[in-house]
Amino acid sequence: MNTVKTVRELRAAVARARGEGKRIGFVPTMGNLHSGHVALVTKATQRVDFVVASIFVNPLQFGAGEDLDKYPRTLAADQEKLLQAGCHLLFAPTAEEMYPDGMAGQTRVSVPQLCEGLCGASRPGHFEGVATVVTKLFNMVQPDLAIFGQKDFQQLAVIRALVHDLNMPIQIIGEPTVRAADGLALSSRNGFLSEELRAVAPVLYRGLNQIADAIKQGERDFPALIGAQIKQLEAAGLRPDYLEIRHAPTLRPATPEDRDLVILVAAFLGTTRLIDNLHLNLDAPA
Ligand code: PAF
């Protein structure tokens, strides 16, 4: 696996692979890779001939006071994991390479509506930063397909929308969330949790399942379900940012008649903000 740091080297390597008739798959990441990222790369190796991953902690998607500076940077360990997973090329640019003219005047990509609410409400500008960097990365790599984790459900919806709206010929694949044995969704931010807080964290996924079970049993009083679960999270020591039931395909607030639902949560545990979700399609075969 080659690691390149410039757009020029990236384009040359991808052009060589294309010249050999290879289909290109892309897995964008911010590094500090865990089994969830490895699963995305493995999936890509099954679908295409040449897999490109990127590692770039994108300053444009972090708000003031967020964890940009302390976001873990573990390039050597990440390279090893990517190599083992069968990745062919790693693009690991600097901020100067990605934003050579600085970020203030950078053209932005915004996806209205889908960015509103949920993480978009508590992290203003976050999805504009994500949509902008993903658009730039897509233009640099020009992959046939790109793979993202479903843990970032709203992000995946935003990326699907931008690809559709901007007519990008890229197939977007969402892969299921990879979880620890106790149910906690794998995340680079889990490393910020002390042993004590890490033991509490699985309450998030248990809560999502409790709501899903109640809905499956016919409960449709969503505000009551949410209210009860927020109390449980608070009792466990979390500070919920949001807990919502939405219509999965559109992300609009769910109605009791909807059959394809997603339950989404974000909560602070200590100073660490964790997110998770559970997709519940009542019409899917059991
Ligand atoms: O999900 C992430 O790691 C990031 O938001 C992404 C998609 C790589 C853009 O920086």
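Residue numbers start at 1 and run along the sequence shown. Every number for a ligand or one of its atoms is a count from 1 in the order of the listing.
Considering only non-hydrogen protein atoms, atom 2 (C) of ligand 1 sits nearest to Gln155 NE2, 3.8 Å. Considering only non-hydrogen protein atoms, atom 3 (O) of ligand 1 sits nearest to Met30 CG, 3.5 Å.
Remark: the backbone N or O of Thr6 is not paired with any side-chain donor or acceptor of Glu97 at under 3.5 angstrom. Panel note: side chain Thr45, backbone Gly86; no donor-acceptor pair is recorded below 3.5 Å.
A salt bridge between Asp144 and Arg18 is present, with a side-chain N of the basic residue lying under 4.0 Å from a carboxylate O of the acidic one.
Gln106 and Thr132 share no donor-acceptor pair across their side chains, judged by distance under 3.5 Å alone. There is a side-chain donor-acceptor pair under 3.5 Å between Asn58 and Tyr99.
Under a 4.0 Å criterion applied to the non-hydrogen atoms of Thr29, ligand 1 contributes the atoms 8 (C). Taking a cut-off of under 4.0 Å to the non-hydrogen atoms of Val133, the atoms of ligand 1 that pass are 9 (C), 10 (O).
Taking any N or O of Gln61, backbone or side chain, at least one lies under 3.5 Å from an N or O belonging to ligand 1.
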